Amino acid sequence: MSFDVIIIGGSFAGISAALPLARARRKILVIDAGERRNRFAAVSHGFLGQDGREPGLIVSEARQQLERYPTVHWLNAKAQAAERTSNGFAIEIDGKPMKEGRRLILAAGVADRLPAIPGLQERWGISVFHCPYCHGYELNQGRIGVIASGEHSMHHALMLPDWGETTFFTNGIVVPNADQAAQLRARAVKVETTPVREIAGDRADVCLDDGRIVAMDGLFTLTRTSVQIPWAEQLGCVLEEGPLGQFIRTDAVKQTTAKGIFACGDLARAAGSVALAVGDGALAGTAAHQSLMFGSD
């Protein structure tokens, strides 16, 4: 079976991309590996009409709504590779026949790599976060720590005082210059230069190398991200280097640098959120449909 559009990734961006195509009665296939980026978080915030809901439930309900359209096909699997064909694209899936489609939408998101500090990964999405807009409010203006992971952590540290009393753990990675130190003081950010040994406790206790323990209500750190579709470059998609990691370059309607391929969500942005992923998906889906109607294969 050949599809009009194959969408790699069935989370917020992928389902949003599929919806306008389904409503245009196009035959589409969503291939989803079940690796939703925010699967570690109990609730999602900042998404209109869904604030405070479980992200897995939002996605599950969205999928149910999408699959009511008869031209939608869903496959729980991981796309291993893709190649361009005379009719579009062929997707290789482990242990299954190749799937063919005229257009391709990449929406598989990114993977986060946290600083190598014991106890940090176990608390990811629970008391350790990266986005203050998504998780800062729930800390109730409490004690917030920012753990440096690179130069951009300075910006992170200067943001967080709007959400609580902030301590910047430079951890030997960032050394604020005179101007930066003045900015931190102006924002009432405490600076702790002793290296972090581990994160412990029920919430987010920061254990320092000198034996001190600094109790925090929540921690923020910037991760390094990697695109979850490592074969995108082989198809001609150009990757850009952002402050947090690589992402796929797209134009204003989410068309990549490779003809017939669109990308949306976190893998097509320098930084993202659920709301932005949904908007990106809608753009990518409608643009892919427009290309089927008015473009050339």
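Just the heavy atoms: all of them, side chains too, but no hydrogens, waters or symmetry mates, feed the values below. Everything numeric here is computed off the predicted structure, so don't read it as measured data. Sequential numbering from 1 along the given sequence is applied to the chain's residues.
Using modelled atom types, no side-chain atom of E67 and backbone atom of Q64 make a donor-acceptor pair closer than 3.5 Å. Although no hydrogens or angles enter the test, the distance criterion places a donor-acceptor pair under 3.5 Å between the side chain of Q255 and the main chain of A258. Side-chain atoms of N171 do not come within 3.5 Å of backbone N or O of I173 as any donor-acceptor pair. In this structure, the side chain of R84 engages the main chain of K259 through a donor-acceptor pair within 3.5 Å. A donor-acceptor distance shorter than 3.5 angstrom exists from the side chain of D32 to the backbone of G10, with no hydrogens or angles considered. Counting only distance, with no hydrogens or angles, the side chain of S153 and the backbone of A148 share no donor-acceptor pair below 3.5 Å. In terms of modelled atom types and a separation under 3.5 Å, the side chain of T257 and the main chain of G236 share a donor-acceptor contact. Side-chain atoms of D251 come within 3.5 Å of backbone N or O of V253 as a donor-acceptor pair. A distance-only check finds a donor-acceptor pair linking the side chain of S273 to the backbone of L276 [under 3.5 Å]. Under the 3.5 Å distance criterion, the side-chain polar atoms of E54 are left unmatched by any main-chain donor or acceptor of G56.
Salt-bridge formation is detected for the pair R37/D266: a Lys NZ or Arg NE/NH1/NH2 atom is positioned less than 4.0 Å from an Asp or Glu carboxylate oxygen. With respect to the salt-bridge test (charged N to carboxylate O, under 4.0 angstrom), the residues R197 and D209 do not qualify. Ionic pairing of D4 and K27 is not present here: no N-O contact between side-chain nitrogen and carboxylate oxygen is shorter than 4.0 angstrom. Ion pairing between R187 and D162 holds under the 4.0 Å rule for side-chain N and carboxylate O. The existence of a salt bridge linking R203 and D217 is excluded, since no basic side-chain nitrogen approaches an acidic carboxylate oxygen closer than 4.0 Å. With respect to K99 and E92, no salt bridge is recorded, no charged nitrogen being found less than 4.0 Å from a carboxylate O.
Residue S2 holds its OG atom at 6.5 Å from CG of N87, rounded to the nearest 0.5 Å. With values rounded to the nearest 0.5 angstrom, H156 atom NE2 is found 10.0 Å from I144 atom CD1. In this structure, CD on Q80 lies 10.5 Å from CD1 on I31, to the nearest 0.5 angstrom. The structure places CD1 of I93 at 9.0 Å from CE of M98, a figure rounded to the nearest 0.5 Å. Atom NZ in K254 sits 11.5 Å away from atom CD1 in I105 (nearest 0.5 Å). Residue Q290 holds its CD atom at 9.5 Å from CZ of F262, rounded to the nearest 0.5 Å.
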Report the C-alpha distance between I248 and L106 in whole Å, list the side-chain angles of each, state the deciding distance to 0.1 Å, and finish with yes or no for side chain to side chain contact (heavy atoms under 4.5 Å, CB included). CA-CA 9 Å; I248 298 174; L106 308 179; 3.9 Å; yes

Show your reasoning for whether side chain to side chain contact (heavy atoms under 4.5 Å, CB included) applies to L104 and L235. CA-CA 11 Å; L104 188 58; L235 291 173; 4.0 Å; yes

Applying side chain to side chain contact (heavy atoms under 4.5 Å, CB included), run through S149 and T223 and close with a yes or a no. CA-CA 7 Å; S149 60; T223 63; over 6 Å; no

Let me see the working for R249 and T256 under side-chain hydrogen bond (donor to acceptor under 3.5 Å, both in side chains), right down to the final yes or no. CA-CA 6 Å; R249 181 191 297 172; T256 71; over 6 Å; no

Criterion side chain to side chain contact (heavy atoms under 4.5 Å, CB included) on L29 and I7, from CA distance to verdict: CA-CA 6 Å; L29 172 66; I7 300 170; over 6 Å; no

Working note: R103 + S291, criterion side-chain hydrogen bond (donor to acceptor under 3.5 Å, both in side chains); need CA distance, chi angles, decisive distance, verdict. CA-CA 9 Å; R103 299 290 186 272; S291 78; 2.8 Å; yes

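Side chains of V206 and L208 form a contact here, defined as non-hydrogen atoms less than 4.5 Å apart. When side chains are defined from C-beta on, F12 counts as touching I58, because their heavy atoms get closer than 4.5 Å. Inter-residue side-chain proximity for V146 and T166 is flagged as met; some heavy-atom pair is nearer than 4.5 Å. Residues I229 and I8 are in side-chain contact: their nearest non-hydrogen atoms beyond the backbone lie under 4.5 Å apart. Considering only heavy atoms from C-beta on, P161 comes within 4.5 Å of V189 through its side chain. Counting only heavy atoms from C-beta outward, the side chains of H135 and H130 never approach each other to under 4.5 Å. The closest side-chain heavy-atom distance from Y69 to R23 is below 4.5 Å. Using a 4.5 Å heavy-atom cutoff, the side chains of I15 and W74 are in contact.
Shown here for S11 and R36, the closest heavy-atom pair between the two residues is OG-CG, 3.3 Å. Minimum heavy-atom separation, L160 to P132: CD1-CB, 4.0 Å. When all heavy atoms of P176 and A181 are compared, the closest pair comes out as CB-N, 4.1 Å. In plain terms, the two heavy atoms of W231 and A82 that are nearest each other are CZ3-CB, 3.4 Å. When all heavy atoms of H152 and P243 are compared, the closest pair comes out as NE2-CB, 3.3 Å. Between A252 and L283, the shortest heavy-atom contact is O-CD1, 3.7 Å.
F129 and F220 have tilted rings, their planes meeting at an angle from 30° to 60° on a 0 to 90° scale.
Applying the side chain to side chain donor-acceptor pair (under 3.5 Å) definition to pairs two or more places apart or across chains, none involves residues 113-128.
Counted by atom type alone, E35 and Q228 present one or more donor-acceptor pairs between their side chains at under 3.5 Å.
Atom CZ of R53 sits in a crowded spot, with more than 12 heavy atoms from other residues, nucleotides or ligands closer than 6.0 Å. Atom CG of D202 has 12 or fewer neighbouring heavy atoms from other residues, nucleotides or ligands inside a 6.0 Å radius.
Following chains of ILVMFWY side-chain contacts shorter than 4.5 Å, one can reach V59 starting from I28, so the two form part of one hydrophobic cluster. No path of Ile, Leu, Val, Met, Phe, Trp and Tyr side chains, each step under 4.5 Å between heavy atoms, connects M154 with F169, placing them in separate hydrophobic clusters. Linking Ile, Leu, Val, Met, Phe, Trp and Tyr residues whenever their side-chain heavy atoms come within less than 4.5 Å places L66 and V5 in a single cluster. M216 and V191 are assigned to two separate hydrophobic clusters, defined by single-linkage of ILVMFWY side chains at heavy-atom distances under 4.5 Å. Cluster annotation: L158 and Y133 are assigned to the same hydrophobic cluster (Ile/Leu/Val/Met/Phe/Trp/Tyr, side-chain heavy-atom contacts under 4.5 Å, transitive).
Other members of a hydrophobic cluster containing F247 are absent, since no ILVMFWY side chain comes under 4.5 Å of it, directly or through relayed contacts.
When the side chain to side chain donor-acceptor pair (under 3.5 Å) test is applied to R39, no partner is found at least two apart in sequence or on another chain.
The aromatic ring centres of Y137 and H45 sit 6.0 Å or more apart.
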